[in-house]
> 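Have a look at the structure that comes next, please.
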Amino acid sequence: MVQRACLLRVVSQLKSGPSLSVLISRVWSGKPQEGMLASCVASSINMIGLFLQLILILLWTEWTVLLHLGSEHKDKHREKEKLKQKDGSSDKQKEKDKYKEKRKEVKVKGFFVIFPPRIKSEPESEDFYHSPKHNKSLKREQKKGEVGTDGKKKVKKEPEEKWKWWEEERYTDGVKWKFLEHKGPVFAPAYEPLPSNIKFYYDGKPMKLSLGAEEVGTFFAKMLDHEYTTKDIFRKNFFKDWRKEMTAEEKAKITDLNKCDFGDMHEYFKAQSEARKALSKEEKQKNKEENERILQEYGFCVMDNHKERIANFRIEPPGLFRGRGDHPKMGMLKRRIRPEDIIINCSKDSQHPKPPPGTKWKEVRHDNKVTWLVSWTENIQGAIKYIMLNPSSRIKGEKDWQKYETARRLKKCVDRLRAQYRDDWKSKEMRIRQRAVALYFIDKLALRAGNEKEEGETADTVGCCSLRVEHITLHPEKDGKEYVVEFDFLGKDSIRYYNKVPVEKRVRELFGMLCPDARSLFTTILNKHLQELMDGLTAKVFRTYNASITLQQQLKELTSPEDNVPAKILSYNRANRAVAILCNHQRAPPKTFEKSMQNLQSKIDAKKEQLSDAKRELKSAKADAKVRRDEKSKKAVECKKKAVQRVEEQLMKLEVQATDREENKQIALGTSKLNYLDPRISVAWCKKWGIPVEKIYNKTQREKFAWAIDMADEDFEF
DNA sequence: GTTGCGACTTAGGACTTTCCTG
DNA sequence: CAGGAAAGTCCTAAGTCGCAAC
């Protein structure tokens, strides 16, 4: 589609145009019509100019205008902004030095060594894979091994000493490991044919399907409850792929999906899942144990002398592809992965995983410049999928830590950078101006970079550099504010980004000649530029930086020392929420939201009543005590007092909970917590206010952020 | 220089387990 | 002690970004 040319490119094509006022009035007056737009672009008419002007307006917008948190937060945000500008550099080095010192102090305690017999029995070969640099730690671990060898049970009983990888040296040369051993993937269970009494009907008549066709048919049958099985694209894609699995006869007969009746099959699967739920305790326990056994066998690997948890050791089962949003490939058959599709990565001297009997791996390689253990190529997009380690592993943790360190380095130079890109808006070179505009959005609105994607291969979503004209509307005035830019587009995962951003009208200047091919590789150009500005800087670092700094600031602002623990946690959640809003992390409101909110409210009401009862009782007890003046009645008063207090606390807790939940209706906190917020900020906050870290991070999260929990003091500054 | 590929992070929703309450 | 809500886990899609191949 011609009119799909991206916004920046459109902007870039502007040379000169009709009078400004005409253009502006056209835009201000409403959405550009599709046809109009198409013809404009096609004939190089300068309707496009409008968008240049939009950019110009934005360019001249004052920094202090707070864009992302919506109008109510504007003022707060301004302050934040000031703060942001102020505390540019500092403390990081301090932090680092402190940590270095701490490291020096740390004595090496024991490491829990896995598979000690193996590791112990072949130390020579390990040495072979360890650079001199690593010999030190290796020796330590071997010592450990000796201690641990005399029995797993014994080791298990002891409070397990966690390996503090963050106290060890890192590889610097692109090597990711020296030794890697694992058992390979767990394949999806083989297809179980339907019992003979469960039938598929075509055109009202029962029909026995071949095994292959039946299997794929069951994928569809299982999904019948989902709305998307009614979607045209889904049905079309499914039917096309299904036919490929049919025998010639089946193909000849089954020509219309609408004549297929999967009802029986659907009922069967439903009953099966019911039956699974209704299993007896013992049976459930048995299943659990079996799962645990598989986890123990396949869920771990040994990487450089340490047993590490694997994130996804199960191969994705076959099924029907369901992309997010309006995906053109929804309904296509996701093929079953066989050993022959699998590439194994492990070290040469490890015990290679064995393929299932009678099969072969596609390849076994020994590439220690990558972190994956297993890979295969998926058939829908042709993308490569990997089996990698858990976030608690050294290899993921180091990277995560490094990510936040990069963001902290950005903090040091962000002022300079912002000044620079503002300056670049005036540049004579179009590319530079363009780059600077993109950067502005990425920084201020925390937009994603927005890489190019192949049209028709995926849902139509965009990011900063791939925004198109139709994603932006200009309003001369909206909600009492002048010059409001309205963003409305689908971002990653087809999540809608909607934001009205008031901008200040300023001097406008026309850009000069523009380069029409500027868009291609735009994110590459952008990132190259960023790389020059700061080592390791890319577009996404801004998201990390802005998220983390916002958390830190919000925590400072929202935490009241006199608050009790639940209230402080509410503050934390609010700070977290501010970040989630900034990053546009949304969720569908839980289906049961209204109901559970009502329940909570009635609980609160009940609690209130209970409170007034308790108060009344206290009063009468007091009166009683006054009259009687004996120990017993005094005690009773104390008792009642405590009861009132307790109920008050409970009520408060409930109310806090209600507020929290209401505010959280459509906002997902998990993503930012897991991916954008430097955990050391949260850990420091917990330490400072005496909040148990368990209140903020659950077990998995504590494992992932073990490095931060261990190293951050209460005075950590991002 | 451009394109496509490979590796890795980030993402929301489905599914499962745990917790709470009546 | 069941049943519903909340919390936690699993799943895998969909991004980012660098680099090799053309």
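Chain naming here is simple, since letters A, B, ... match the order of the sequence lines and numbering starts at 1 in each. None of these values were measured; they are calculated from a predicted model.
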> Quick check: on DNA chain B, is the nucleotide nearest A/Ala668 upstream (toward 5') of the one nearest A/Asp367, or the reverse? Name the residue that is more 5'.
A/Asp367
> Relative to the 5' end of DNA chain B, which residue comes earlier, A/Thr377 or A/Ile395, by the nucleotide with the nearest heavy atom?
A/Thr377
> Of the nucleotides B/dG13, B/dT9, B/dT10, which has the atom closest to the A/Arg587 side chain?
B/dG13
> When you measure from the side-chain N and O atoms of A/Thr524 to the phosphate of B/dT2, is any distance below 4.0 Å, counting only OP1 and OP2?
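No, because none of the side-chain N or O atoms of A/Thr524 sits under 4.0 Å from OP1 or OP2 of B/dT2.
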> Ignoring the backbone of A/Arg448, work out which of C/dG18, C/dA14, C/dG15 is nearest its side chain.
C/dG15
> Please confirm whether the ring centroid of A/His182 lies under 6.0 Å from the ring centroid of A/Tyr298.
no
> Would you say a side-chain N or O of A/Lys334 is under 4.0 Å from OP1 or OP2 of C/dA13?
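Yes, such a contact exists.
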> Looking at C/dT12, I'd like to know if its phosphate oxygens (OP1 or OP2) sit under 4.0 Å from a side-chain N or O belonging to A/Tyr386.
no
> Taking the side chain of A/Arg324 as heavy atoms from C-beta outward, which of C/dG15, B/dT18, C/dT12 is closest to it?
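So the side chain of A/Arg324 is nearest to C/dT12.
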> Within the pair A/Lys403 and B/dT10, is there a side-chain N or O less than 4.0 Å away from OP1 or OP2?
yes
> Mark yes or no for a side-chain to base donor-acceptor pair under 3.5 Å between A/Lys492 and B/dT10, with no hydrogen or angle criteria applied.
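Check passes, donor-acceptor contact within cut-off.
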> Of the nucleotides C/dT12, B/dG13, C/dC17, which has the atom closest to the A/Ala588 side chain?
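Of the options given, the side chain of A/Ala588 lies nearest B/dG13.
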> Check the phosphate of C/dA14 against A/His327, side-chain N and O only, distance under 4.0 Å to OP1 or OP2. Yes or no?
yes
> Let's see if you can work this out: which of B/dT18, B/dA11, C/dC17 has an atom nearest to the side-chain heavy atoms of A/Arg543?
B/dA11
> For A/Gly491, answer base if it contacts any base atom (sugar-phosphate contacts may also be present), sugar-phosphate if it contacts only those atoms, and nothing otherwise; contact means non-hydrogen atoms under 4.0 Å.
sugar-phosphate
> Please report the shortest heavy-atom distance between A/Lys396 and A/Asn390, naming the atom on each side.
CG-O, 3.4 Å
> With a 4.0 Å limit, can you tell me whether A/Thr538 has a side-chain N or O closer than that to the phosphate oxygens OP1/OP2 of C/dC17?
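Checking A/Thr538 against C/dC17: at least one side-chain N or O falls below 4.0 Å of OP1 or OP2.
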> If only side-chain N and O atoms of A/Thr461 are considered, is one of them under 4.0 Å from the OP1 or OP2 phosphate oxygen of C/dG15?
yes
> Quick one: is A/Gln381 getting a side-chain N or O under 4.0 Å of the C/dA14 phosphate, OP1 or OP2?
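Yes.
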> What nucleotide among B/dA11, C/dC17, B/dT9 has an atom nearest to a side-chain atom of A/Met388?
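Between B/dA11, C/dC17, B/dT9, the one nearest the side chain of A/Met388 would be B/dT9.
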> When we call it a touch if two heavy atoms are under 4.0 Å apart, what does A/Lys399 touch: a base, just sugar-phosphate, or nothing?
sugar-phosphate
> State whether A/His585 places a side-chain N or O below 4.0 Å from either non-bridging phosphate oxygen (OP1 or OP2) of B/dA11.
yes
> So which nucleotide from B/dG12, C/dA14, B/dT9 ends up closest to the side chain of A/Phe321?
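Looking only at heavy atoms from C-beta outward on A/Phe321, the closest nucleotide is C/dA14.
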> For A/Asn312 and C/dC11, is the shortest distance between a side-chain N/O and OP1 or OP2 below 4.0 Å?
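Checking A/Asn312 against C/dC11: no side-chain N or O falls below 4.0 Å of OP1 or OP2.
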